[in-house]
J.: 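Input: one structure, supplied below.
Everything numeric in this text was worked out from a predicted model, so none of it was measured. We count residues from 1, following the sequence as given.
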Amino acid sequence: MIRTSEFVSPHHPDKLCDRIADKLLDAYLCGDSRSRVALEVLGGHGVLHVTGEVTSNAKIVIEDIVHSLLPDIKVQTNITEQSSEIAQGVDSGGAGDQGIMVGYATRETPSFMPREYELARSLCKTLFSHYPFDGKVQVTTSGKRVLAVVASFQHSKTAELLNLVQQEIQADEYYINPAGEWNLGGFDADTGLSGRKIVIDSYGPRVSVGGGSFSGKDLTKVDRSGAYMARKIAVDYLKKENAEEVRVELAYAIGKKNPLRATALVDGVERVVTEYDLSPRGIHSFLDLGAGSFFETAEWGHFGNNFPWDN
């Protein structure tokens with residue numbers, strides 16, 4: 001089958017917003033591990049907006065944290081505490097929202113990620129090491145054959161970029177800076193929004209997403225923790241059943257501890273998942289997720305990077 005996946009650099013406007021959201025989350029959790037955080041970040045053209053809900057004993061200076069990544073940007077904030085009506089469901093151990101979370105694992109690659117996704121991610125990493133700016137790539141495959149590669153990177157020379165791409169991937173066709181060489185990028189050229197790259201954050205377009213973004217959210221938000229646990233279950237089943245492909249789906253109701261649905265499709269055969277504690281607190285304990293560096297997850301994808309839920 002013909003498959004296509006894209007990836008963007010950490011300096012892409014949307015990824016900048018994801019990284020800022022998770023850097024702020026890390027700061028809150030380091031100051032207070034029980035922090036409730038749900039932040040959204042919108043930035044572009046000299047101004048960055050941080051909004052959302054935070055309940056925490058930690059005192060952080062948002063502007064200083066943002067300026068550690070973007071020194072010259074103007075920062076506007078609009079943050080309130082988490083709704084008390086939502087909090088009463090979370091305080092009792094329930095999920096912070098309703099939603100569907102998807103986990104996936106395949107034998108196609110050593111990381112158990114889709115091949116076209118890993119090709120795009122690896123290429124983007126290589127190009128970013130030479131051009132640490134705004135950029136994106138796209139890879140189209142048919143089986144083991146690569147049909148087409150697209151690469152656009154700020155401040156790159158097309159001939160040099162083509163040479164780098166060809167060293168990394170042999171393809172039938174290359175589209176390198178297809179709109180021409182460009183120097184205006186990042187927030188100077190475009191607007192970014194956290195949570196807008198959830199397909200890149202997950203497994204690429206081959207695998208469906210539940211819809212909830214990850215960055216800027218603490219682990220009571222099951223759209224993040226549930227997605228991590230779904231990946232863990234998929235990897236476990238892949239190994240345990242010696243399967244080729246596993247797809248896991250979890251569905252939650254706000255304020256309820258246990259999922260309404262927990263199923264795994266193992267090489268096309270569906271089964272009910274019963275052997276895990278899938279409550280938010282159970283997930284937190286099982287994966288040993290504390291005030292870790294969630295900032296790292298926002299750079300190069302949340303799966304297939306040797307995080308606890310990948311192993």
J.: Parallel under 30°, tilted from 30 to 60°, perpendicular over 60°: which one fits the rings of W300 and F7?
T.: parallel
J.: Examine V235 and Y117 and state if one hydrophobic cluster contains both, with Ile, Leu, Val, Met, Phe, Trp and Tyr joined whenever side-chain heavy atoms are less than 4.5 Å apart.
T.: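 Cluster IDs for V235 and Y117 match.
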J.: So, applying ring-ring contact (aromatic ring centres under 6.0 Å, His included) with H11, which one of F133, F128, Y131 is it?
T.: F128
J.: So V149 and Q138, do their side chains get closer than 4.5 Å, heavy atoms only?
T.: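 With C-beta onward as the side chain, the pair stays apart.
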J.: Keeping D310 on the side-chain end and F303 on the backbone end, is there a donor-acceptor pair under 3.5 Å?
T.: no
J.: Does Q98 have more than 12 heavy atoms from other residues, nucleotides or ligands lying within 6.0 Å of its CD?
T.: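 Not buried by this count: 12 neighbours or fewer within 6.0 Å.
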J.: Less than 4.0 angstrom from a charged side-chain N to a carboxylate O is my criterion; do E118 and R121 meet it?
T.: yes
J.: Does a donor on one side chain sit under 3.5 Å from an acceptor on the other, for D277 and S285?
T.: no
J.: Does R107 form a side chain to side chain contact (heavy atoms under 4.5 Å, CB included) with N242? I'd like the steps, not just the answer.
T.: CA-CA 9 Å; R107 291 279 178 189; N242 196 27; 3.5 Å; yes
J.: I'd like to know whether L48 forms a side chain to side chain contact (heavy atoms under 4.5 Å, CB included) with Q76, so could you lay out the CA-CA distance, the side-chain angles of the two residues, the decisive distance to 0.1 Å, and finally the verdict.
T.: CA-CA 6 Å; L48 187 92; Q76 298 179 342; over 6 Å; no
J.: Would you say D267's side chain and E244's backbone share a donor-acceptor pair under 3.5 angstrom?
T.: yes
J.: Okay, side chain of S33, backbone of L29: is any donor-acceptor separation there less than 3.5 Å?
T.: no
J.: Rounded to the nearest 0.5 Å, how far apart are SG of C17 and CG of L39?
T.: 12.0 Å
J.: How far apart are the closest heavy atoms of V209 and S202, and which atoms are they?
T.: CG1-OG, 3.9 Å
J.: Is there a path of hydrophobic side-chain contacts, each under 4.5 Å between heavy atoms, that joins I100 and V248?
T.: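 Different clusters.
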J.: Does any part of the side chain of R36, heavy atoms only, come nearer than 4.5 Å to the side chain of V54, both counted from C-beta?
T.: no
J.: Side-chain heavy atoms under 4.5 angstrom apart, residues restricted to Ile, Leu, Val, Met, Phe, Trp, Tyr: same cluster for I62 and L70?
T.: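 Same hydrophobic cluster.
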J.: Taking all non-hydrogen atoms of both residues, which atom of T106 and which atom of P114 are closest, and how far apart?
T.: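 Taking T106 first and P114 second, the nearest heavy atoms are CG2-N, 3.7 Å.
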J.: Measure across L161 and A151 and return the closest heavy-atom pair with its distance rounded to 0.1 Å.
T.: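 Closest pair (atom of L161, atom of A151, distance): CD2-O, 3.9 Å.
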J.: Please give me the minimum heavy-atom distance between V266 and A243, naming the atom from each residue.
T.: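 Looks like CG1-CB, 3.7 Å.
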J.: Mark yes or no for whether N177, through its side chain, and F153, through its backbone, hold a donor-acceptor pair below 3.5 Å.
T.: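 Pair found, side chain donor or acceptor close to backbone of F153.
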J.: Are the charged groups of D14 and R196 less than 4.0 angstrom apart, N to O?
T.: yes
J.: Examine F307 together with Y228 and report whether their ring centres are nearer than 6.0 Å.
T.: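 Between Y228 and F307, which both carry aromatic rings, the centre distance is not below 6.0 Å.
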J.: Could you check whether any side-chain heavy atom of Y276 comes within less than 4.5 Å of a side-chain heavy atom of M229, counting everything from C-beta outward?
T.: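 They are in contact (side-chain heavy atoms under 4.5 Å apart), so the answer is yes.
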J.: Taking R3 for its side chain and S142 for its backbone only, find out whether a donor-acceptor pair lies under 3.5 Å.
T.: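 Absent.
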J.: Just verifying a value: how many Å separate S213 OG and E40 CD, rounded to the nearest 0.5 Å?
T.: 5.0 Å
J.: Share the residues that join Y175 in a hydrophobic cluster, the rule being Ile, Leu, Val, Met, Phe, Trp or Tyr side chains under 4.5 Å apart at the heavy-atom level.
T.: V150
J.: Can you measure from NE2 (H12) to OG (S9) and round to the nearest 0.5 angstrom?
T.: 7.5 Å
J.: How far does CG of D22 sit from CD of E299, to the nearest 0.5 angstrom?
T.: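 Here the rounded value is 10.0 Å.
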J.: So how far is it from E160 CD to L127 CG, rounded to the nearest 0.5 Å?
T.: 12.0 Å
J.: Whether R206 and E116 form a salt bridge (side-chain N of Lys/Arg under 4.0 Å from carboxylate O of Asp/Glu) is what I want to check.
T.: yes
J.: Is a salt bridge present between K15 and D18, judged by a nitrogen-to-oxygen distance below 4.0 Å?
T.: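 Judged by the 4.0 Å cut-off on N to carboxylate O distance, K15 and D18 do form a salt bridge.
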J.: So, does S5 use its side chain to make a donor-acceptor pair with the main chain of A120 at under 3.5 Å?
T.: no
J.: Indicate yes or no for a side-chain donor-acceptor contact from S35 to the backbone of D32 under 3.5 Å, with no hydrogens or angles considered.
T.: yes
J.: Under the criterion side chain to side chain contact (heavy atoms under 4.5 Å, CB included), I'd like the reasoning laid out for L164 against E168: C-alpha separation, chi angles, the key distance, then a yes or no.
T.: CA-CA 6 Å; L164 285 171; E168 184 79 6; over 6 Å; no
J.: Would you kindly say whether S279 and R281 are connected by a side-chain donor-acceptor distance under 3.5 Å?
T.: no
J.: Can you name the closest pair of heavy atoms from V273 and T263 and give their distance?
T.: CG2-C, 3.9 Å
J.: Tell me if the CZ atom of R271 is crowded by more than 12 foreign heavy atoms within 6.0 Å.
T.: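 Yes.
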J.: Does the distance from a Lys or Arg side-chain N to an Asp or Glu carboxylate O, for R231 and E249, drop under 4.0 Å?
T.: no
J.: Quick one: pull up OH in Y237 and CG in L265 and give me the separation to the nearest 0.5 Å.
T.: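 Those atoms lie 12.0 Å apart.
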J.: Tell me, do V146 and Q170 make a side-chain contact under 4.5 Å, heavy atoms counted?
T.: no
J.: When you compare the side chain of I20 with that of L69, does any pair of heavy atoms fall below 4.5 Å?
T.: yes
J.: With a 4.5 Å cut-off on side-chain heavy-atom distances among I, L, V, M, F, W and Y, is there a chain of contacts connecting V41 to V75?
T.: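 Same cluster: V41 reaches V75 through Ile, Leu, Val, Met, Phe, Trp or Tyr contacts under 4.5 Å.
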J.: Does a side-chain N-to-carboxylate-O contact under 4.0 Å join D236 and K239?
T.: no
J.: I'd like to check L16 versus F187 (side-chain heavy atoms, cut-off strictly below 4.5 Å). Are they in contact?
T.: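 They are in contact (side-chain heavy atoms under 4.5 Å apart), so the answer is yes.
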J.: Determine whether a donor-acceptor pair (N or O, by modelled atom type, separation under 3.5 Å) exists between the side chain of D218 and the backbone of V37.
T.: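 A pair under 3.5 Å: yes.
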J.: For the pair V137 and E6, evaluate side chain to side chain contact (heavy atoms under 4.5 Å, CB included) and give the outcome as yes or no after the intermediate values.
T.: CA-CA 6 Å; V137 305; E6 70 167 345; over 6 Å; no
J.: Run R224 and T297 through side chain to side chain donor-acceptor pair (under 3.5 Å) and show every step you take.
T.: CA-CA 11 Å; R224 182 171 211 159; T297 68; 3.1 Å; yes
J.: Using a cut-off of 6.0 Å, state whether more than 12 heavy atoms not belonging to K59 lie near its atom NZ.
T.: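 Counting neighbours around NZ of K59, 12 or fewer heavy atoms of other residues, nucleotides or ligands fall under 6.0 Å, so no.
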J.: Quick one: does S225's side chain have a donor or acceptor within less than 3.5 Å of a partner on T220's backbone?
T.: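 No, the answer is negative, given that no donor and acceptor are paired below the 3.5 Å cut-off.
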J.: For E245 and R115: C-alpha separation, side-chain torsions, deciding distance, then whether salt bridge (Lys or Arg N to Asp or Glu O under 4.0 Å) applies.
T.: CA-CA 12 Å; E245 180 184 62; R115 179 171 179 266; over 6 Å; no
J.: Determine, stepwise, if the pair K23 / E296 fulfils salt bridge (Lys or Arg N to Asp or Glu O under 4.0 Å).
T.: CA-CA 9 Å; K23 197 171 184 66; E296 295 179 6; over 6 Å; no
J.: Can you find a heavy atom in the side chain of N78 that is under 4.5 Å from one in the side chain of H49?
T.: no
J.: Considering all heavy atoms of both residues, which atom of W309 and which atom of H302 are nearest to each other, and what is their separation?
T.: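 Shortest heavy-atom contact: NE1-O, 2.6 Å.
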J.: Are E181 and K157 side-chain neighbours, meaning at least one heavy-atom pair lies under 4.5 Å?
T.: yes
J.: Transitively linked via ILVMFWY side-chain contacts under 4.5 Å: V66 with I79?
T.: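 Shared cluster, yes.
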J.: Ignoring hydrogens and geometry, is there a side-chain-to-backbone donor-acceptor pair from D201 to G301 under 3.5 Å?
T.: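 No.
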